[in-house]
Amino acid sequence: MTVVGCCVEPVPVLSSPPKFATDSMRNDRRVFTKSLTAGVAGVWVTSDRWTSLGLVPAVAAAQTVALKDVVPKGWLIGVAINQNQSDGRDAVAVELVSRQFNAITPENLLKFQSLHPEPDRFTFDAQDRYVAFGLDRGMAVIGHTLVWHSQTPGWVWSGTDGGLADRATMLERMHTHIATVVGRYKGKIRGWDVVNEALNEDGTLRDSPWRRGIGDDYIAKAFEFAREADPEAELYYNDYNLATKPAKRAGAIRIIKELQQHGIRIDAVGEQGHWRLQSPTTTEIDEAITELRATGVKVMITELDVNLLPTVAAPRPALSTGTPQRRSLEPASPAANPYVNGLPDDVQQALARYYADAFRVFLRHRDAITRVTFWGVSDGDSWLNRGRMNHPLLWDRQRHPKPAFDEVTRVLMAR
Ligand code: G3I
């Protein structure tokens, strides 16, 4: 960790940590170093031993650098939180999120399925608490997501004859959903992922039930309805692999330009950022942001994580999801699950370098990038585990900052 004016580099306790050293041991040392550098409280904190003594908040508090204090002015640095966190049940995460971030995204709570499970029933309790969580902390509250082919209940698309609902019916259902949800959080939610993942990898429109039922203009309709419900809210198109698939990126640019040509408001495009150490490269990230920003809309990295696990045999993409699920088969072979005892140092350092390089590219485009959001608070919270043990984020399972956190803050502070 870089601490201004104090020791620039954490004093390495051990030049080359012994191989068997687990993550938490290394991080205990680092937290120890930090506490030293924090110096103030001289609190020596390591995870499990102190948790029961209610000293957990000291972990987050001991972190002298907060991402939200070192990002460029006006940038949103956010995190996706789950209901345990927005309901305040995960105290350590709440402390960490409040300390480090100035924006939140709901991992699942504002998806169609969670909000509007039946035609005449909306559920807003947990959702209201999510919005309050952010507003109470002066954070930008993001809405994810209004129109998606996944996590949308079947009744939305089914017609009276059990077949696909007709255009008018599906449009009316989309309008009711958006008007009710966006209307409820008018002036509270900063911006919405209005449409999520509408593209195939070749840049053509995904054959989703929304498109089959309404037609290609379902995207334009969704943006119109969102604008109508809250004229001040920012409106985003969100997708994945825009940095790795130029054809898909071209498809996203087509969507943006068509909306602009019809005078329909779109404020930004989100590249989700579910990346790997090998892909995308910094050149690909740079090219993608350069092309996307050329449309005149802002660019956001909306669901950043770096998957460190080998891809298991890709399961059939079920129509209802479309997004390939990286779930491991029972039981995950050791080869498919190599980091159950923590990350080897070389992988830990490779992850730190990858994140640092990515943030250097983001900084080169700081005037076009408005938000970077991590998809989960810490490794244990990540969707990328799915029966395996992944380490894709900046905090480990003890919510200790990883070398990747240090490298990212170092790059941000060095700008
Ligand atoms: O809520 C039910 C719970 O009642 C049930 O007991 C449990 C057991 O199956 O499932 C719970 O629902 C799970 C839900 O997450 C809430 O935890 C779903 O099975 C599970 O599929 C769902 O996964 C979410 C996934 O989207 C669904 O596609 C992940 O948490 C979430 O991180 C992920 O996020 C998506 C973004 O929205 C869009 N971009 C890709 C990203 C990763 O897939």
Side-chain angles (χ1 to χ4, degrees), residues 78-87 89-90 93 97 103-118 123 125-127 129-130 141-154 156 181 189 191-201 206 208-210 222 236-245 248 252 268-276 300-309 311-312 314-328 330 371-388 390-393:
V79 65
I81 58 175
N82 59 38
Q83 188 176 345
N84 263 343
Q85 291 150 3
S86 52
D87 279 355
R89 285 192 293 274
D90 182 349
V97 168
I104 51 172
T105 300
E107 187 175 8
N108 287 294
L109 275 178
L110 288 178
K111 291 172 180 173
F112 209 127
Q113 183 175 297
S114 312
L115 264 172
H116 196 177
E118 287 142 36
T123 53
D125 297 350
Q127 291 74 11
R129 292 194 295 272
Y130 157 75
V141 180
I142 305 299
H144 172 79
T145 175
L146 296 169
V147 173
W148 189 23
H149 64 275
S150 180
Q151 291 184 284
T152 299
V156 177
V181 173
I189 284 191
W192 283 93
D193 291 336
V194 177
V195 175
N196 191 41
E197 302 178 8
L199 293 166
N200 295 315
E201 298 305 279
R206 181 192 290 272
S208 83
W210 288 116
Y236 318 135
Y237 174 71
N238 194 50
D239 214 325
Y240 61 95
N241 286 354
L242 301 183
T244 49
K245 300 276 173 57
K248 189 171 187 176
V269 57
E271 154 57 13
Q272 291 178 7
H274 295 297
W275 295 341
R276 287 179 169 277
M300 307 180 300
I301 309 299
T302 57
E303 305 181 15
L304 185 58
D305 51 26
V306 179
N307 187 348
L308 298 176
L309 294 180
T311 302
V312 293
R316 271 181 292 90
L319 175 61
S320 67
T321 66
T323 314
Q325 301 290 323
R326 287 188 179 79
R327 59 176 168 268
S328 55
E330 319 282 335
R371 175 162 62 91
V372 177
T373 290
F374 293 91
W375 203 245
V377 175
S378 65
D379 291 344
D381 303 304
S382 172
W383 73 290
L384 287 170
N385 288 309
R386 301 267 162 147
R388 298 191 286 169
N390 214 323
H391 307 261
L393 296 161

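In listed order, ligands and their atoms are each counted from 1. Just so it is clear, the model here is predicted, and its values are computed rather than measured. Just so it is clear, the values below take in all heavy atoms, side chains as well, and ignore hydrogens, waters and symmetry mates. Just so you know, residue 1 is the first one in the sequence shown, and it goes up from there.
For ligand 1, the atoms lying closer than 4.0 Å to a non-hydrogen atom of H274 are 40 (C), 41 (C). In summary, the atoms of ligand 1 found under 4.0 Å from a heavy atom of E197, numbered by their order in the structure, are 38 (C), 39 (N), 40 (C). Short contacts between ligand 1 and R386, defined as distances under 4.0 Å to a heavy atom of the residue, involve ligand atoms 23 (O), 24 (C), 25 (C), 29 (C). Close approach to W148 involves these atoms of ligand 1, each under 4.0 Å from a residue heavy atom: 28 (O), 37 (O), 38 (C).
Ligand 1 has a nitrogen or oxygen under 3.5 angstrom from a nitrogen or oxygen of E303.
For the atom pair L304 CG and H274 NE2, the distance stands at 9.0 Å (nearest 0.5 Å).
At a heavy-atom distance under 4.0 Å, only side-chain atoms of N196, from C-beta outward, approach ligand 1.
Nearest heavy atoms, E107 versus N82: OE1-CB, 3.9 Å. The nearest pair of heavy atoms linking L109 to S86 is CD1-OG, 3.6 Å. Minimum interatomic distance between Q85 and A80 (heavy atoms only, all atoms of both residues): OE1-O, 4.3 Å.
If you check each of H144, K111, Q151, Q272 against atom 22 (C) of ligand 1, the one with the closest non-hydrogen atom is Q151.
Under a 4.0 angstrom heavy-atom cut-off, W375 registers as being in contact with ligand 1.
Shown are Y130, W192, W375; of these, the ring pair (Phe, Tyr, Trp, His ring centres under 6.0 Å) with H144 is made only by W375.
Within the 4.5 Å cutoff, the side chain of D379 has no heavy atoms near those of the N390 side chain.
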